[in-house]
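Atoms considered below: every heavy atom in the structure, side chains included; atoms not considered: hydrogens, waters and symmetry mates. Just so it is clear, the model here is predicted, and its values are computed rather than measured.
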Protein chains: 2
Amino acid sequence: MKPTIRDVAKLAEVSISTVSRVMNAPHTVVESKRIRVMEAIAQLRYQPNGFARGLIYKKSYMLGLLIPDIENLYFSGVIRGMQDACIKLGYSLMICNTDRDKERLLSYIDAFYEKQVDGIVFASDVLYPEYYEKLVGCRIPFVLVSSHSDEFDVPSVEVDDEQAAYDAVRFLVELGHREIGMIGFNHDNSVSGPPRYNGFVRALTEAGLERNIVKARFANHRFEHAYHAAHELFGAYPELTAVFCVADEFAMGAVSYLKDRGILVPGQVSVIGFDNLRMASMFIPKLTTIAQPIYQLGYRAAEKLHELLSTGAVAVTREKMEHKLIVRESSRERA
Amino acid sequence: MKPTIRDVAKLAEVSISTVSRVMNAPHTVVESKRIRVMEAIAQLRYQPNGFARGLIYKKSYMLGLLIPDIENLYFSGVIRGMQDACIKLGYSLMICNTDRDKERLLSYIDAFYEKQVDGIVFASDVLYPEYYEKLVGCRIPFVLVSSHSDEFDVPSVEVDDEQAAYDAVRFLVELGHREIGMIGFNHDNSVSGPPRYNGFVRALTEAGLERNIVKARFANHRFEHAYHAAHELFGAYPELTAVFCVADEFAMGAVSYLKDRGILVPGQVSVIGFDNLRMASMFIPKLTTIAQPIYQLGYRAAEKLHELLSTGAVAVTREKMEHKLIVRESSRERA
DNA sequence: AATCCCAGTGAAAAGCTTTTCTCAAAGGAA
DNA sequence: TTCCTTTGAGAAAAGCTTTTCACTGGGATT
């Protein structure tokens, strides 16, 4: 069996209180005993029982993370950032992958509740009233990352999707493109879908290219859907010389489609992505894209949650982080 | 504050024992009270305190997973499989990303110990004696996935790396290639590095192409390293018409390099990868590769750990899963 | 020399649940 | 009617740690 504090006390011939003090306030116990206790601890490889401590502290020093799709590199980055922040702040991290399944998400919240996580980071998904109710019902503090809520007053960290999309399309316009399409996220169940579309519309309107506004097709997070959307888009609008894709994975899907059709990227069509995944610079051609500070988003979300947990509030509720245009090889001036 | 079993008991006007029975053995309590209790539970949204239960059961129903690099799609797949198995088996999952850092890994084991995880899955890394000692010292059962140990008797699940590499190279030989190189894993700190190299050697030897054995360069998990390794390899052996890469990410690095040099894939050089990441079919050209059953590996590892936890032993210690050659576009018969 | 203070330590309670033990009441059999 | 069995339910202990409280003895103060 695992050794307990009693075993240590017995071996060191002191009371359990003394052992506890050696671990939590070493200076209050006289050196001779302290050494004896520490030797006993080392000898037995004693480590306090997390359950018992949790019961007392009413804290688990564990945070929960809910992500929609672990196979999306975007979230890997968020996880890394969050995990590093957790190490700094003294938390453990419990990561749950919902696969965008509502039931699953709800049951993960139950698991979090039962495991008594101190707080939850909720990534990239729409915060449905259902989720919100459940979370506040459980009295678990939480923050949103790459998401926000207009309906409820919930702390969040994200980039300015509208502005970022605007910048992407503006860039294409400045390259001289006049026929610009878009592959966006389906608007239902999507947080960033609408604002990114709005950014697209605003940039086009500003440039007097309103005729392009209809040239958008929508897809569902995955490469294959984007491939299909590209097929529809270029089928309907073969005149396009540039596409704005709201995710790097979509950009890859679009490039793949164009390649299969024998259309050169960036020779005939420029493609710009969004996210700046690690893969963006590995793809051929390397993707021009709007970079999100993915790692920092995760890091900051954990910090913000910590702030919420320790002070009970948060200085700024809806926090924006900077995006940045990164020009690589998938875009070019219009011939 | 979170409601406790006392609050429920008070509201339902029964003893706490009765409440507990309603939750754990409902048929032993008379219907009238049972209903009252269940209403009280629903009303208060009561959920038992995991700490208190853990203290009694001496189980957390939580498994730990140690992975070297969360940004590697290989591990995302393993995680998905493992998480699905965990749901089926009633475990929660705590995922820790070591970033291949020894200190970090060791401190995660401490965290697991303190959180009283029931068992650990250790992914893709060499099981150093240091780790082994610590794990057995903590009396935490564990299994290896995509790894194994010759030194210790530890349950593991993986593919047959040597045979898989052999199959890959054999395939290139059968395509008529006679000048075949390899980009492998650095052998130090690598589990699959040596066997995959051995498979390469065996296939070449069998085909009477021993002269190619020296045509191998080694890299460190990441795309950029593989790019660099490709540079060295083709610098030294420009006659190569095929390369075996021990990871899809390496294959992408190699293709990138060749592309930058103006060498056509598969026109002039065939490239075969390993893993069959989701990305392999998104890349241009789509990668020919040796598929590992990544999801199943993770799934099976969790099942195996469960077996170990519930029966105290495991039917077969070193378990192999099937690999499979998947031919796509990055390979071609030698002209 | 008497009093006070303080450092150091042990005993005990608290935190929440499950489970065992005990008890009471009800129902059935003789 | 009485005794036994069965069913249902409460009291209490156990699981492990932290923390509060109380006690002891030694040093300092007056």
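- Regarding Arg21(A), its CZ atom lies at a distance of 20 Å from the P atom of dC16(D), rounded to whole Å.
- At a cut-off of 3.5 angstrom, counting only N and O atoms as typed in the model, there is a donor on one side and an acceptor on the other between the side-chain of Ser17(A) and the base of dA11(C).
- Put simply, Asn49(A) has no side-chain N or O that comes within less than 4.0 Å of OP1 or OP2 on dT17(D).
- Taking the six-membered ring for Trp and thresholds of 30 and 60 degrees, Tyr91(B) and His306(B) have ring planes more than 60 degrees apart, a perpendicular arrangement.
- Contact between the side-chain N/O atoms of Tyr46(B) and the OP1/OP2 oxygens of dT17(C) is found at a separation under 4.0 Å.
- Taking the six-membered ring where tryptophan is involved, the planes of Phe122(A) and Tyr131(A) are tilted, since the angle between them lies from 30° to 60°.
- Residue whose closest nucleotide on DNA chain C sits further toward the 5' end, between Arg53(B) and Lys58(A): Lys58(A).
- The side chain of Ser20(B) sits closest to dT18(C) out of dT18(C), dA9(D), dC16(C).
- The CD atom of Glu114(A) sits 11 Å away from the P atom of dT17(C) (whole-angstrom rounding).
- Remark: P of dG15(D) and NZ of Lys2(A) are 15 Å apart, rounded to the nearest angstrom.
- With hydrogens and angles ignored, no donor-acceptor pair under 3.5 angstrom links the side chain of Arg6(B) to the base of dG15(C).
- Rounded to whole Å, atom P of dT17(C) lies 9 Å from atom CE of Met23(B).
- For the residue pair Asp84(B) and Tyr295(B), a side-chain donor N or O sits within less than 3.5 Å of a side-chain acceptor on the partner.
- Where His27(A) and Ile16(A) each meet DNA chain C at their nearest nucleotide, the meeting point lying more 5' is that of His27(A).
- In this model, the phosphate group of dG10(D) is approached by a side-chain N or O of Thr18(B) to a distance below 4.0 Å at OP1 or OP2.
- Not one side-chain nitrogen or oxygen of Lys33(B) sits closer than 4.0 Å to the OP1 or OP2 atom of dG8(D).
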**Request:** Take Glu303(A) and Arg300(A), measure what salt bridge (charged side-chain N to carboxylate O under 4.0 Å, His left out) needs, and give me the verdict at the end.
**Result:** CA-CA 5 Å; Glu303(A) 285 185 329; Arg300(A) 186 72 196 112; 3.0 Å; yes

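- In the set dG15(D), dT20(C), dG10(C), the nucleotide with an atom closest to the side chain of Ser15(A) is dG10(C).
- In this structure, Phe51(B) reaches neither bases nor backbone, as no heavy-atom distance under 4.0 Å exists between it and the strands shown.
- For the 3.5 Å distance criterion, the side chains of Thr18(B) and Ser15(B) qualify, holding a donor opposite an acceptor.
- The distance between atom CD of Glu13(B) and atom P of dA9(D), rounded to the nearest whole Å, is 14 Å.
- In this structure, Ile5(A) places its CD1 atom 11 Å from P of dT19(D), rounding to the nearest Å.
- Between the OH atom of Tyr57(A) and the C1' atom of dG15(C) there is a distance of 13 Å, given to the nearest Å.
- In this structure, Asp69(A) CG and His221(A) NE2 are separated by 8.5 Å, a value rounded to the nearest 0.5 Å.
- Of the candidate nucleotides dT17(C), dT18(D), dT9(C), dT9(C) has the atom nearest to the side chain of Val30(A).
- Listed nucleotides dG10(D), dT18(C), dT17(D) differ in distance to Ile56(B); the shortest reach to its side chain belongs to dT18(C).
- The interatomic distance linking Arg34(A) (CZ) with dA7(C) (P) rounds to 15 Å, in whole Å.
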